[in-house]
Novice: 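Mind looking over this structure? Questions follow.
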Amino acid sequence: MKRKTLARYIISEILPPFFVGLLAFTFVLLIARILKLIELVVTRGVPLLQIGKLLSLILPTFLELTVPMAFLLAILLGLGRLSNDHEILALKASGISPIQILGPIATIAVIIAAITLSLTMFARPAANQALKKELYNIARSRIGTALKEKVFNDDFPKILIYLEEIIPPGNTAQGVLIVDKRDAAKDDIILGKVALISTDEQTNTLGLRLFDGSIYEREKKRPGFSQTRFNIYDFKLDLDELIGPVKKKDSGPKDVSVKHLINVINEKESRGATAIPERMELQQRFSFAFVPFIFCLLGVSLTLLPRSARGSRSWGFALCLFWLVTYYGLLSLGKALGDKGILQPVPALWLPNLIVGAIAVHLFTRAVRESPLLLLAKLDTAFAWAGKNVNRFKRAH
């Protein structure tokens, strides 16, 4: 009963900061995407329901990162609060060992690892595939989302389109310039003051109906231009030339299931080709599932180590950010070495787990022996000194 009470108490301290951290980390990583989605609503008239669907399909890619990150933050803040109130000291005095404190958090780590594994193995690849289809449907129904104003749109082969201004919801444009090089014998430059943008699902074409403009035609074998003025001119484009390649493009390693990934690896290696991107992706999916266990041991060790000064929430945030930067910095290094072939995919993607995991094991053994870490003690002293000076500065001003 004593163990169950302890487990419930520790878990109750960790879950609230976990959900807060999950929302905070996810929002920070998503903010650039959210701004782009808002732009689609304001300037292109994409319905909010469709924007919500896009956002839900983007989420799994970020959650596989933010779920372990929030877990580390929750441990540092939750156990940090117990340490600051001397509850950890009281637990140790009553005979509770660091291993017993680790037990309930390790149970949560198993659940977090299962969630991360399901995100990397199933949710993210399926969401990426669905996201491609949804973007394809948006491009078909609202082609204005594919044409940008004040830039030269070169998505169509041998055609350049410039729109000075796109009027919301995106089916009208002003100041239109079209350079058409599809005919091998001549080039056409089409200018129009206004254009109506439309799509025809039956013929699968994009239509630009231009008003009050001119066509400048230049034959490649003759010097000079011939000019033709018009009141109304219909310019048609095959929509598959723009969105067909996206639809038909083979899915990348990040977008396919594990079974398909393994089949691709076997197929490439059977014909003597390298399958580095696929093997890197496969190892990354497995290695990510072990991150919660690494962060679990690391977070518990950092909070149980004897300290010379009381910590604070800001100290917990700083410690969390330091180790997150360390881990994902090592991950970026490993991926770079793996992509260049300097390291094999297995050591390249498991490099941060091995290094940070080894540090976590070392810190936990010191915590069990009640052996303080000299560097942590110095950091505590420096942080406490900085906090006092900041408070003194605030009182003075």
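Note that these values count all heavy atoms, side chains included, but never hydrogens, waters or copies made by symmetry. Keep in mind that this is a model prediction, so the values were computed, not measured.
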Novice: Crowded around Phe27 CZ? As in, over 12 foreign heavy atoms under 6.0 Å?
Specialist: no
Novice: Would you please name every residue forming a ring pair (Phe, Tyr, Trp, His ring centres under 6.0 Å) with Phe152, sequence neighbours left out?
Specialist: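 Scan of Phe152 (ring pair (Phe, Tyr, Trp, His ring centres under 6.0 Å), adjacent residues dropped) gives Tyr162.
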Novice: Not counting sequence neighbours, list each pair that qualifies as a salt bridge (Lys or Arg N to Asp or Glu O under 4.0 Å) and has a residue in residues 54-65.
Specialist: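 Passing the test, one end in residues 54-65: Glu64-Arg124.
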Novice: Does Ile11 share a hydrophobic cluster with Leu102, counting links as ILVMFWY side-chain heavy atoms below 4.5 Å and allowing steps through other members?
Specialist: yes
Novice: Is there a donor-acceptor pair under 3.5 Å between the side chain of Ser83 and the backbone N or O of Gly80?
Specialist: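 No.
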Novice: Does a salt bridge link Lys158 with Asp183, judged by any charged N lying under 4.0 Å from a carboxylate O?
Specialist: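 Looking at Lys158 and Asp183, the cut-off is not met.
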Novice: Testing the 3.5 Å rule here: is there a donor-acceptor pair between the side chains of Thr66 and Thr26?
Specialist: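 Present: a donor and an acceptor within the cut-off.
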Novice: Trp350 and Phe290: ring-ring contact (aromatic ring centres under 6.0 Å, His included), yes or no, with the steps?
Specialist: CA-CA 9 Å; Trp350 288 85; Phe290 281 83; 5.2 Å; yes
Novice: Any chance you could measure Leu77, atom CG, to Leu82, atom CG, to the nearest 0.5 Å?
Specialist: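 So the gap between those two atoms works out to 11.0 Å.
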Novice: Evaluate the criterion salt bridge (charged side-chain N to carboxylate O under 4.0 Å, His left out) for residue pair Glu217 and Lys186; output intermediate values, then yes/no.
Specialist: CA-CA 7 Å; Glu217 182 181 297; Lys186 64 176 183 177; 3.2 Å; yes
Novice: Which pairs with one or both residues in residues 66-80 pass salt bridge (Lys or Arg N to Asp or Glu O under 4.0 Å), sequence neighbours excluded?
Specialist: none
Novice: Which residues satisfy the ring pair (Phe, Tyr, Trp, His ring centres under 6.0 Å) test with Phe62, sequence neighbours excluded?
Specialist: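 Phe62 satisfies ring pair (Phe, Tyr, Trp, His ring centres under 6.0 Å) with no other residue.
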Novice: Only one of Ile190, Leu196, Asp234, Ile161 clears side-chain contact (heavy atoms from CB on, under 4.5 Å) with Leu208; which?
Specialist: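 Looking at Ile190, Leu196, Asp234, Ile161, the match for Leu208 under the side-chain contact (heavy atoms from CB on, under 4.5 Å) is Ile161.
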Novice: Looking at residues at least two apart in the chain, or sitting in another chain, which of them share a side chain to side chain donor-acceptor pair (under 3.5 Å) with Ser371?
Specialist: Arg366
Novice: Which pair of heavy atoms, one from Leu79 and one from Ile10, lies closest together, and at what distance?
Specialist: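 So the minimum-distance heavy-atom pair works out to CD2-CG2, 4.2 Å.
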Novice: Are the aromatic ring centres of Tyr327 and Phe295 under 6.0 angstrom apart?
Specialist: yes
Novice: If the threshold is 4.0 Å, N to carboxylate O, is there a salt bridge linking Asp85 and Arg81?
Specialist: yes
Novice: Filter on salt bridge (Lys or Arg N to Asp or Glu O under 4.0 Å), then keep only pairs touching residues 284-295, sequence neighbours left out; what's left?
Specialist: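 Counting only pairs at least two positions apart or across chains, the salt bridge (Lys or Arg N to Asp or Glu O under 4.0 Å) contacts touching residues 284-295 are Glu281-Arg285.
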Novice: Can you tell me how far the CD1 atom of Ile58 sits from the NZ atom of Lys53, to the nearest 0.5 Å?
Specialist: 13.0 Å
